[in-house]
Amino acid sequence: MKSKSLVSIDDFSTEEILKILDLAAEFEKEPTSKCLEGKVIATLFFEPSTRTRLSFESAISRLGGKIIGFTDASSSSVTKGETLNDTIRTVSNYCDLIVMRHPSEGSARFASEIASVPVINAGDGANQHPSQTLLDLFSIRKTQNTLDNLNIFMVGDLKYGRTVHSLMMAMSRWNTTFNFIAPEELKMPDEFKLYLENLGLKYYEHNDFTDIISRADIIYMTRVQKERFSDPIEYEKVKNIYVLRESMLKNTKSNLKILHPLPRVNEIHQDVDKNSKAYYFDQALNGVYTRQAILCSLLGIK
Ligand code: CP
């Protein structure tokens, strides 16, 4: 896989995805091999991040690599008017791989086309977040012992939530039953529903999930993406539309796990945290192993 970028989850075949998940499982057992020694990784974050940036940087550090980059576009020459083209061409000369988060959809594809090194899309606007998807797949396979034939509930902001877009595309490979739970304003966009329709896959749309929660194998909660709304009044209308509480989990399946890419705001009440079905903090930990595997795969090291 040398020199390949990860911009969309569809850049990887099913075989390549499974290879990364297997490699991540190896890193889970032994997270501190020095396979990135001598490598320099640039982390360019034009938007805020806690988990994605820090788990990439933890992954790089544990593997003996070096990190350069910025956590805020205001500390880069973008503030002087430098284009993304010029930033990427320059940074390509300083590193072996670029991890980039950017608010514009399509920016990661653009960067991958001009960079002389592999680019990992760490989130491009409301479009995709494929490294999150690989850690989500790792978490699903680990907790369910399979990726096949699962009933996944995606809840919340399905319009702007890039994590659900990438995860839906990935899980379409494993005969998933999709239940999309969102208010009218935040429904899964047509382009992603068409993606499933073209594969002959069914999906179900709902406004609420309290009556059907007993069917779920995975509930994937999402935050309403405040930063993508142009009108704050529209955000206020939907910001607390779904709140998962522990009392709602009484009649759920024994294998159910609750995932959330995090950060959460109010959509999972803190009383859920103590329930053994809550998996979101373990999911965030899995991000380190999965990102170790992605980095090594893209650099052709493993
Ligand atoms: N899941 C995720 O992308 O979190 P951060 O925004 O904190 O990176």
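Quick note: residue numbers are just sequence positions, from 1. All ligand and atom numbering here is 1-based and tracks the order in the structure. For clarity, every value in this text was computed on a predicted model and none was experimentally measured.
Checked by atom type and distance alone, the side chain of H260 never pairs as donor or acceptor with a backbone atom of A278 at under 3.5 Å. Proximity of a side-chain donor or acceptor of D271 to a complementary backbone N or O of E246 within less than 3.5 Å is detected.
Ranking the protein heavy atoms by distance from atom 6 (O) of ligand 1 puts R101 NH1, 2.9 Å first.
Less than 4.0 angstrom separates some heavy atom of Q132 from each of these atoms of ligand 1: 1 (N), 2 (C). Each of the atoms 1 (N), 2 (C), 4 (O) of ligand 1 lies under 4.0 Å from some heavy atom of L262. Contact atoms of ligand 1 toward T50: 5 (P), 7 (O), 8 (O) (distance under 4.0 Å to a heavy atom of the residue).
In terms of N/O distances under 3.5 Å, ligand 1 is approached by R51. The shortest N/O to N/O separation between P261 and ligand 1 falls below 3.5 Å.
Ring orientation note: the planes of F229 and Y235 are nearly perpendicular, at an angle over 60° on the 30°/60° scale.
Taking the charged nitrogens against the carboxylate oxygens, K19 and E15 have no contact shorter than 4.0 Å, which rules out a salt bridge. Salt-bridge formation is not detected for the pair K202/E197: no Lys NZ or Arg NE/NH1/NH2 atom is positioned less than 4.0 Å from an Asp or Glu carboxylate oxygen.
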